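These notes are about the structure you will find just below.
Residue numbers begin at 1 in each chain, while the letters A, B, ... track the order of the sequences. Computed from a predicted structure; not experimentally measured.
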Amino acid sequence: MKPISKLCLLLSLAIAFTACIPEFDPPKKRPPAEFADEQLTSIRSLKDRHRGEPVVIRDSVIISGRVISNDRSGNIYNELYIQDDDYEGIRIKIRMSNMFNFYRLGQRVYINCFGLILGNNAGTLELGTRSTDGRNETGRIEGIWTIEKTVLQGTLEDEIEPMVITFSKLNRNLVNTLVRINDLTFKPTLTDGDTIGGRDNVVRTWALPNPVDGSNPRSLSQLFEDESEQTIITRNSGYARFAGDVIPTGKVDLIGILTIFNNNYQLLLRDLNDVIIHKESDPDPEE
Amino acid sequence: MKLKSVLTTLLIATCGMAVAQQEQIKGRVLSRTTNLPIEGARVQISSNVDEHIVTTNENGLFTVSNLYPATWRVWITVEDFSDYNVPSTLRPGAVLDLGTIFMFPTITNMAIMDAGGMEMETEGGDQTQSGPSLLSGSADPFTNISNFRFSEMRFKARGYNWNLQRVYLNGLHMNDINTGNSPFFLWGGLNDLMRNQEPSMGMHPTGYAVGNVAGTNNVVTRPSQIRRGFQGNYASSGTLANRLSIAWANEIAPSWFLAVAGGVRYSPTDYFLNYTLGTFQQGVSYFLGLEKRFGFGHSLSITGFGAPLARGSTNLTTQEVFDLLQNPYYNPNIGWQNGQIRNGAVRNSHEPVITLDYTNRISSRLRIQAAANYRFGRSGVTGIDWHNAPDPRPDYWRNLPSAFTERFGNEDPIKEINAREAWLTDPNVRHINWENMYNVNYNNRETIQNATNNGVRDTVITGLRSVYAAMNRRVDQRDFSTGITVNAMPTAFLRIDGGINYRWNRTHYHLVMHDLLGGDFWVDVDQFAERAELGEEADYPREDQIQNDMNNPNRIVRVGDSYSYNYYAFTQRGSLWGIGHYDFGNIGVYFGGDIGFTSFHREGLVRKGLFPDNSYGKSESNDFLTYSLQAGMNYQVWANHYVNVNVNFVQQAPVFQDAYLSPRTRNTTVNDLKPEKIFATDLGYTIRLDGTRFRIAGFYTEIYDRSSVRTFYDDVKRTMSNFALSKISQRHMGVEFGADVYVWNGFTVKSAVAYGDYKYSSNPLLTLTEDNSDKLLSSWGGFEDERVYWKGFYVAGTPQLASNLGIEYRARQNWFGGIDLNYYDYIFVEINPRRRTDAALQNLSGTEKADMLRQERFDGGFSLNANIGQWRTIMRKYNLGIMLSINNILNNQNLKTGGFEQSRMRLDPDTNQYRAYDSRYAYMAGTSYFLNVFLRF
């Protein structure tokens with residue numbers, strides 16, 4: 001082979017191997033966290049510690065539950081709800097966007113409560129950090145370095161089935177757990193300050209993503225009632241993806257996390273899959 | 001037809017002029033240090049048409065005959081000596097005796113050039129810095145220093161952006177057509193073959209092009225003009241641990257010339273002498289050129305070269321991070337994976353060039369040159385992409401201790417302390433956590449309904465869907481240019497140069513999936529559109545709005561597939577130019593210009609869900625008339641003293657990237673797009689004496705009707721946003737000084753000073769857009785054509801004072817050394833136009849307003865450099881040399897080379913006031929070395 005051809009071959013080999021972006025072997029999958037029962041404290045006994053004012057957890061307390069919240073739709077934000085096998089639930093305040101990537105529905109998680117504050121937010125018990133805003137009893141757990149020591153990811157498991165309840169069964173013990181109430185109908189009551197044809201415009205969407213006055217997206221507490229006109233609020237964020245969707249007018253079953261605000265029960269939807277429309281109902285909105 | 005008759009006329013004129021040409025130029029070449037004659041010095045005497053090359057005899061004498069009255073350039077080159085390059089006027093019937101010409105030995109120029117070139121490969125942050133255009137010494141004592149030594153501070157001559165300095169390859173304009181950046185990196189590592197350069201004297205036009213406000217340079221790659229023989233070069237520096245290049249050129253058969261070269265560069269990711277961790281380099285370079293000579297000045301050559309390279313980059317970051325880590329060279333792009341450093345922002349490119357050159361010296365009065373260049377290949381930068389997942393960047397503002405201070409309304413001293421400790425102790429906090437991203441993907445089993453998989457719509461696919469991935473932002477160009485240049489000397493002292501050229505470019509901008517980070521696939525939907533608060537205007541399903549490619553909804557993306565954005569930018573340019581020079585007595589004048597057009601348009605290759613009618617297919621064509629007018633004069637006041645003045649007026653088109661509001665998503669252009677206008681003038685005084693070169697110049701330039709579009713990721717709004725500015729005006733003026741004085745016994749004193757005042761001279765208009773919305777920026781309350789109050793603020797990107805003073809010594813035994821001290825000052829931060837608008841200043845108190853408006857000026861500082869070296873000739877044939885230079889001997893790590901104010905801003909909901917984020921900076925590297933070893937024979 002002429003020296004030129006040899007050089008060309010060598011160069012083409014060299015080019016093929018260099019000037020490529022280096023490749024790396026994928027790291028091993030992280031094993032899920034696991035704790036023996038003896039190491040765990042029940043959510044109930046943790047919640048019982050709250051006697052009217054915020055409690056600092058100064059001992060080694062680890063609670064366990066399965067994830068029932070999902071912030072993917074944006075309706076839930078900076079909050080994680082877990083529920084254990086005894087139908088006890090608790091909310092944990094964490095600042096992390098899109099945390100559903102780390103804590104999936106049904107996944108078992110362990111909360112290392114040492115140093116956390118147990119507080120009461122208008123009737124709902126929650127875990128967080130020391131509050132600095134003077135309004136809430138707890139603040140958000142923030143910083144990945146703190147979060148990953150506090151919330152430990154366990155095994156992936158199936159999603160929890162909601163407990164079917166009726167209005168008569170509503171009680172504070174069910175707060176922070178996943179429930180389902182059947183046979184509800186949307187009751188439009190809220191106005192948005194706008195008028196149409198001389199009458200106040202009633203809001204028929206879940207929330208207000210684009211308020212008429214140009215302000216930031218606004219949350220709404222939309223009412224649902226059953227046949228005996230008992231009502232429950234769905235608390236919906238203006239930042240949820242479904243915020244601008246029209247609420248179905250026919251009969252629906254609602255799944256959600258039961259929360260309480262002062263004395264009003266609220267349902268917190270994860271996304272529109274939590275709204276089960278009855279087939280016989282008319283899906284089109286009436287005018 | 002017309003061209004033919006013009007050429008015929010010129011031919012007749014030249015034949016008529018071919019009378020007795022007994023004019024001669026002669027001289028004697030001696031070495032300054034030894035006072036001995038130099039044998040074999042290459043002497044080239046050239047006009048714009050002709051060149052004569054002779055070598056000196058054993059007495060250092062040369063004589064060139066058969067010339068004719070004209071101004072001839074006398075260019076003497078001796079290896080390892082500074083070039084002698086001076087115009088000399090030859091009168092009719094005269095013999096011009098140049099007398100004794102002293103040559104001054106130097107290796108340092110070449111080695112410092114290489115060092116400067118290598119340093120420029122390291123860029124900071126989003127702003128790509130391309131290298132200097134000049135890679136060979138010139139006769140100008142100012143540019144010799146400013147182009148190389150000042151590059152340590154990213155100095156830009158006269159404050160201009162790189163796009164104003166034009167680089168040509170074989171007479172064809174090679175700057176990047178979309179950005180204007182210098183094409184220097186295309187031949188990185190091939191410096192030895194690119195030394196045949198024709199730099200302009202500042203704004204003065206040359207034989208290959210019209211003059212340009214920031215100067216021009218032409219690189220000629222004809223193999224016959226490359227140094228014959230073998231050259232081998234090994235270089236090493238902190239940023240590039242190993243660079244080896246080998247070149248060989250010779251006449252391989254009668255009238256056939258071959259030049260061939262190859263090179264390798266490699267710098268490991270954790271090189272202990274590299275201040276910045278993770279900035280590895282690996283690449284090769286290659287060059288092959290062949291030329292056939294048909295006669296004197298008649299040749300055809302074809303050359304191909306390329307320099308494929310992968311290079312890990314770094315980014316500018318905030319002072320808080322530098323202080324926290326006590327490290328001004330922190331690299332936010334790296335993280336550890338399986339114990340190895342992995343860089344998430346790797347520049348990768350392979351852009352070969354093929355160039356064809358035909359030169360025909362038809363007579364001693366007329367020369368025609370034609371060339372064609374083709375540049376192709378691919379280039380890109382990798383990055384991390386994420387879909388509905390937390391931001392993985394370590395210096396994301398929420399990840400820093402300052403997130404827990406009063407500034408961001410979230411004051412908590414304990415959290416601040418925890419953050420600080422985490423940064424100092426946990427590498428996964430202060431660097432990219434690759435393992436975390438893989439694990440998120442491992443756990444993300446999803447089923448996608450209505451997916452498009454391998455071109456088939458409505459399929460169902462289940463697997464691990466990546467929410468974190470590594471992508472490659474690709475810019476793949478096909479650039480073809482061709483042109484003809486005519487150089488004529490119709491009469492003595494009248495010289496006409498002109499030509500016509502055409503350039504066509506298609507640039508493919510697209511995102512390519514590079515690494516799924518443990519997942520099986522990625523789904524091509526727009527996460528920003530998924531979150532957008534779309535109002536009643538949306539009359540088509542959300543499912544369609546979130547598509548990046550409506551023709552293939554929910555497209556499954558695997559490694560190597562394009563996704564997200566995908567479009568072509570087509571640009572065409574053509575121009576006709578001509579310059580006439582006339583020399584009479586001591587005065588030379590020139591006048592000329594060019595006229596042409598630039599035309600570009602966008603062609604979208606995917607239909608974007610949010611802009612279904614305005615994204616797919618061709619946009620309207622944007623056409624601009626371009627022209628320039630220039631004139632100047634060169635006056636020899638008395639022997640060796642010259643005064644020159646230049647005036648230039650240019651109208652040029654904006655580049656593609658400055659014309660479209662959001663080219664990734666739609667065809668919309670900036671409102672009222674106008675061509676850019678430049679008016680420039682300079683006045684200079686030069687002394688060229690035996691052993692002394694001195695130049696001082698003053699300049700004044702006005703730029704107006706500039707447009708610019710800048711894109712940034714707004715992590716407050718969590719979307720890509722764009723600034724479009726129009727009616728930008730700038731005023732640059734200043735003084736340049738350069739001196740090169742041989743003092744005594746081998747000592748030379750050199751100095752250069754650039755002192756400028758570069759400011760914005762108008763208040764431009766700002767339009768802010770988001771990639772995920774047609775709305776012209778929501779919560780700002782109308783952000784279209786908002787006035788930016790930045791008149792009088794400084795143009796950033798270069799120190800406005802750069803000064804140098806140095807001493808060089810050449811000993812008799814071929815030892816040399818030098819030391820130089822530099823001082824830089826008036827370095828300003830690049831300002832965020834948004835901060836100087838009424839919207840941003842509302843509700844602010846007096847001091848808050850002043851803070852928001854103020855443009856930060858960085859501290860000035862010194863750098864001290866020294867070099868030493870030796871070369872020797874072995875067995876009368878082999879030249880071996882070595883040079884070591886130490887830069888920043890004072891280890892000044894406090895000198896900011898640049899910085900910018902962050903584009904995004906935060907609205908405090910309680911006070912309704914806007915807050916700025918911390919600016920980002922880069923620092924000059926501490927004490928570092930550059931080693932160069934060469935062998936030639």
What residue, out of B/Val440, B/Asn439, B/Asp426, has the most heavy-atom pairs lying under 4.5 Å from chain A?
B/Asn439
Looking only at heavy atoms and a cut-off of under 4.5 Å, which of B/Val346, B/Asn338, B/Leu517 has the most pairs with chain A?
B/Asn338
Pairs of heavy atoms under 4.5 Å with chain A: top-ranked of B/Ala470, B/Ala422, B/Ala403:
B/Ala422
For chain B, the option from A/Gln107, A/Gln153, A/Met99, A/Lys28 that forms the most heavy-atom pairs under 4.5 Å:
A/Lys28
Given B/Asn348 and B/Arg378, is the side chain to side chain donor-acceptor pair (under 3.5 Å) satisfied, shown in steps?
CA-CA 8 Å; B/Asn348 52 93; B/Arg378 37 150 76 177; over 6 Å; no
Return the set of residues passing side chain to side chain donor-acceptor pair (under 3.5 Å) with A/Arg108 (not counting sequence neighbours), or none when no residue passes.
A/Ser64, A/Glu157
The interface call for B/Arg465 against chain A, heavy-atom contacts under 4.5 Å, is side chain
Evaluate salt bridge (Lys or Arg N to Asp or Glu O under 4.0 Å) for A/Arg30 paired with A/Glu148, printing each intermediate quantity in order.
CA-CA 13 Å; A/Arg30 233 184 259 142; A/Glu148 61 187 14; 6.0 Å; no
Which one, B/Glu411, B/Arg342, B/Gln340, B/Arg398, leads in non-hydrogen pairs under 4.5 Å with chain A?
B/Arg342
With chain B, the option among A/Met96, A/Lys29, A/Glu23, A/Arg72 that has the most non-hydrogen atom pairs under 4.5 Å is A/Lys29
Let me see the working for A/Ile111 and A/Leu116 under side-chain contact (heavy atoms from CB on, under 4.5 Å), right down to the final yes or no.
CA-CA 10 Å; A/Ile111 313 291; A/Leu116 295 182; 4.1 Å; yes
By a 4.5 Å heavy-atom criterion (distance strictly below it), what part of B/Asn436 contacts chain A: side chain, backbone, both, or neither?
both
Working for side chain to side chain donor-acceptor pair (under 3.5 Å), residues A/Tyr81 and A/Gln83:
CA-CA 7 Å; A/Tyr81 290 84; A/Gln83 171 179 327; over 6 Å; no
Looking at every heavy atom in both A/Ser237 and A/Ala243, which two are closest together, and how far apart are they?
O-CB, 3.5 Å
Examine whether an atom of B/Ile546 lies under 4.5 Å from a heavy atom of chain A, and if so say whether it belongs to the side chain, the backbone or both; otherwise answer neither.
neither
I'd like to verify something: which residue of B/Phe404, B/Phe280, B/Tyr442 has the highest number of heavy-atom pairs under 4.5 Å with chain A?
B/Tyr442
B/Glu435 portion near chain A, given a 4.5 angstrom heavy-atom threshold
both
Side chain, backbone, both or neither: which part of A/Thr129 has an atom under 4.5 Å from a heavy atom of chain B?
side chain
List in chain and number order the residues that pass side-chain contact (heavy atoms from CB on, under 4.5 Å) with B/Ile414, two or more places apart in sequence or in another chain; answer none if no residue qualifies.
A/Arg130, B/Asp412, B/Asn418
If you define the side chain from C-beta out and look only at heavy atoms, does anything of A/Thr234 sit under 4.5 Å from A/Trp206?
yes
Any side-chain heavy atom of A/Pro27 within less than 4.5 Å of one from B/Trp336?
no
Any idea which of A/Asp25, A/Leu156, A/Asp245, A/Thr146 has the most non-hydrogen atom pairs under 4.5 angstrom with chain B?
A/Asp25
Please state whether the side chain, the backbone, both or neither of A/Phe24 comes within less than 4.5 Å of a heavy atom of chain B.
both
Within the 4.5 Å heavy-atom criterion, are A/Asn75 and A/Leu268 side-chain neighbours or not?
yes
Select, from B/Asn343, B/Val467, B/Asn410, B/Thr382, the one with the greatest count of heavy-atom pairs under 4.5 Å involving chain A.
B/Asn410
